[in-house]
Amino acid sequence: EEYGPPPWTPAQSRFAQARQRVRLLKGYPGSGKTTALWHAADSCGAERILYVTYSSDLAALARDYFDRYCSSHKRFEVVVFPNLVRQIVGSSAPVMLESDLRQRFSQDLGTSARSLGPWANNPAALYDEFYAHLVGAALPVGVGHFATCKAPRVPDKAYRDRRTRFIGAPAVTAVLAAAARLERQPATLAERYFPELALAWRATEQLGAVAAAGPAGLDFDCLAVDEVQDLTPIQALVLVELCTLAFRLGKTPVSLLLAGDEAQTVRPTDFEWAWLSDMLHHRVGAPSEYKLSANLRSPRRIAELVNRVWDLYSLIEKQERPRGTGQAELEDDATDQILYCTAAPGPELDELLKLLAAREGLALITLEETTPAFIPESVRPAVLTVSEAKGLDFHTVCVLDPGRHVQQIMEQDWRLRSDSNLLSLRKRLAIDQLRVAFSRPAERLVWIDINPPDGVVAASLAFLNGDYLEGQVSSAVPAAIMKTLEEEELDTEERVQRCQADARQYLEIKPE
């Protein structure tokens with residue numbers, strides 16, 4: 001401290017230095033949640049810390065931080081959530097791609113699409129509903145407003161009582177009818193279409209039955225969990241039961257630290273702080289809440305764009321919106337740049353994408369679940385999905401074809417009944433993904449719409465420029481974007497530093 005100020009803000013330090021046993025850290029994109037969680041894990045006085053996150057890259061960054069900066073006499077074990085569950089149940093089953101599971105789900109329903117009622121044109125939304133509410137909210141023990149379930153699937157009556165007022169009776173009836181058909185398959189719903197949720201169910205049951213000793217290798221006196229909003233209720237209960245077991249068997253008090261943002265889900269968890277707090281209150285203890293309100297990563301214009309994404313939540317049903325306010329405080333007045341480009345698939349777009357992919361400190365992010373078809377073969381390994389990019393930050397981020405997603409979010413489908421707003425969960429997930437993607441860059445955001453109609457271009461420019469009377473962002477062609485990048489001459493040292501940062505971030509998720 002003689003040479004420089006501490007690297008944490010006062011809000012981060014308050015969370016890290018607090019002494020409550022159960023703490024929740026809520027924060028906006030770029031507010032420093034992960035850094036504060038690392039600091040808290042090292043400052044809590046525990047000797048054995050178990051750090052859990054859903055992202056393999058965040059896990060790698062956490063290992064690096066703990067190895068470099070934390071006390072050598074402490075033991076830090078870093079694990080991604082799917083591996084933690086497998087360690088508890090003793091399973092070596094590989095993690096299946098969600099795209100393959102969605103395809104299996106759609107194929108098994110394919111011959112009876114007409115009988116899906118309001119869901120007939122929205123199989124993706126139906127899968128999300130199953131994941132978040134029919135299977136993901138089934139718990140083997142009653143906690144809060146979650147009733148006890150005998151199988152990893154919410155009973156018909158309980159599901160109907162819980163979801164009718166949100167999506168309407170016809171949609172609920174269609175979900176239960178689809179579930180009945182899918183359950184004719186040899187495996188259960190969870191095992192066939194949601195294997196991660198099935199493993200979480202098994203893990204919860206096993207933890208509840210432990211009497212003498214915990215799972216091998218999971219000896220800890222502090223449990224720190226990052227990106228908690230990516231967990232469904234059954235997955236969150238795994239961590240709660242693990243902590244309950246540690247409380248029961250340990251000789252010293254166990255700290256539980258959880259960090260996340262209700263509006264940054266990249267999976268259809270329909271996460272809410274309310275049900276998590278209720279779960280903690282019933283099983284572990286009343287949690288204390290801390291908030292980080294400033295955007296520390298993004299310069300002003302990009303931070304304003306991230307704030308503007310929050311306004312899109314007004315287009316979905318109130319019960320599906322994240323709680324609280326989404327307007328982060330803007331503290332960084334550093335120079336930043338937002339570039340908007342429209343391009344048609346072809347040689348010019350291919351040349352631009354190849355240039356972007358080869359540039360140090362630049363990430364290409366798609367909002368799709370898989371790499372889009374217009375991406376050249378040589379560029380495809382460099383493209384990140386939103387879930388892969390979550391928790392990372394780059395000098396420059398290029399988001400591919402976001403205008404179409406913004407327009408779809410803003411569209412109101414009046415053909416759907418007002419009591420059957422089936423798209424709310426899907427739109428909520430899309431808005432969260434936009435929020436994650438736009439909050440990754442530290443200095444420059446490149447927005448590329450692919451072969452957009454006039455309506456998409458208008459929606460994109462209106463969103464980018466917000467309430468400014470004179471548009472700050474205008475449309476450009478790929479050649480203009482390439483010229484802008486060529487004019488920015490980087491010295492060798494900066495290029496090397498960006499290469500090092502890229503290597504650290506890509507090592508886990510894109511080793512090639």
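Sequential numbering from 1 along the given sequence is applied to the chain's residues.
- Listed by chain and residue number, nothing satisfies the salt bridge (charged side-chain N to carboxylate O under 4.0 Å, His left out) test with Asp350 (two or more places apart in sequence, or in another chain).
- Side chain of Ser314 to main chain of Asp311: a donor-acceptor pair is present (N/O by atom type, distance under 3.5 Å, no hydrogens or angles).
- In terms of the side chain to side chain contact (heavy atoms under 4.5 Å, CB included) criterion, residue partners of Thr484 (sequence neighbours excluded) are, by chain and number, Gln337, Leu339.
- Interatomic distance, CD of Glu494 versus SG of Cys499, reported as 11.0 Å (0.5 Å rounding).
- Every side chain to side chain contact (heavy atoms under 4.5 Å, CB included) that Val95 has, sequence neighbours left out, goes to Pro82, Arg86, Glu196.
- Residues passing the side-chain hydrogen bond (donor to acceptor under 3.5 Å, both in side chains) test with Glu129, sequence neighbours excluded: Tyr159, Arg163.
- To the nearest 0.5 Å, atoms CD (Glu289) and CH2 (Trp273) are separated by 8.0 Å.
- Considering only residues two or more places apart in sequence or on other chains, Arg404 meets the salt bridge (charged side-chain N to carboxylate O under 4.0 Å, His left out) condition with Glu368, Asp401.
- Classified by interplanar angle (parallel below 30°, tilted 30° to 60°, perpendicular above 60°), the ring pair Tyr290/Phe15 is perpendicular.
- Taking the side-chain hydrogen bond (donor to acceptor under 3.5 Å, both in side chains) definition, one finds that Tyr506 meets it with nothing, sequence neighbours left out.
- Under 3.5 Å, the side chains of Tyr131 and Asp270 contain no donor-acceptor pair of N or O atoms.
- Legend: residues meeting side chain to side chain contact (heavy atoms under 4.5 Å, CB included) with Thr370, ordered by chain and number and at least two apart, are Ser99.
- A donor and an acceptor atom, one from each side chain of Ser387 and Thr385, are located under 3.5 Å apart.
- Taken to the nearest 0.5 Å, the CZ atom of Phe194 stands 14.0 Å off from the CD1 atom of Ile234.
- Annotation: salt bridge (charged side-chain N to carboxylate O under 4.0 Å, His left out) contacts of Glu262 (sequence neighbours excluded): none.
- The side chain to side chain contact (heavy atoms under 4.5 Å, CB included) test applied to Ala60 returns Arg63, Glu508, not counting sequence neighbours.
- Between Phe130 and Tyr193, the gap from one ring centroid to the other reaches at least 6.0 Å.
- Applying the side-chain hydrogen bond (donor to acceptor under 3.5 Å, both in side chains) test to Arg192 and every residue at least two apart in sequence or in another chain returns Asp108.
- Tyr127 is linked by a side-chain hydrogen bond (donor to acceptor under 3.5 Å, both in side chains) to nothing, counting only residues two or more places apart in sequence or in another chain.
- The environment of Arg104 atom CZ is dense: over 12 non-hydrogen atoms of other residues, nucleotides or ligands sit within 6.0 angstrom.
- Applying the salt bridge (charged side-chain N to carboxylate O under 4.0 Å, His left out) test to Asp42 and every residue at least two apart in sequence or in another chain returns Lys74.
- The backbone N or O of Ile375 lies less than 3.5 Å from a partner atom in the side chain of Arg380, making a donor-acceptor pair.
- In this structure, Asp432 pairs ionically with Arg428, as a charged nitrogen and a carboxylate oxygen lie closer than 4.0 Å.
- Between Arg102 and Asp128 there is a salt bridge, with a side-chain nitrogen of the basic residue lying less than 4.0 Å from a carboxylate oxygen of the acidic one.
- For the pair Lys33 (side chain) and Tyr28 (backbone), a donor-acceptor distance under 3.5 Å is present.
- For Glu369 (side chain) and Glu98 (main-chain N/O), no donor-acceptor pair under 3.5 Å exists by modelled atom type.
- Between Phe463 and Trp447, the ring planes lie tilted relative to each other; the angle falls in the 30° to 60° range.
- Crowding of Asp454 atom CG: a count of heavy atoms from other residues, nucleotides or ligands under 6.0 Å not exceeding 12.
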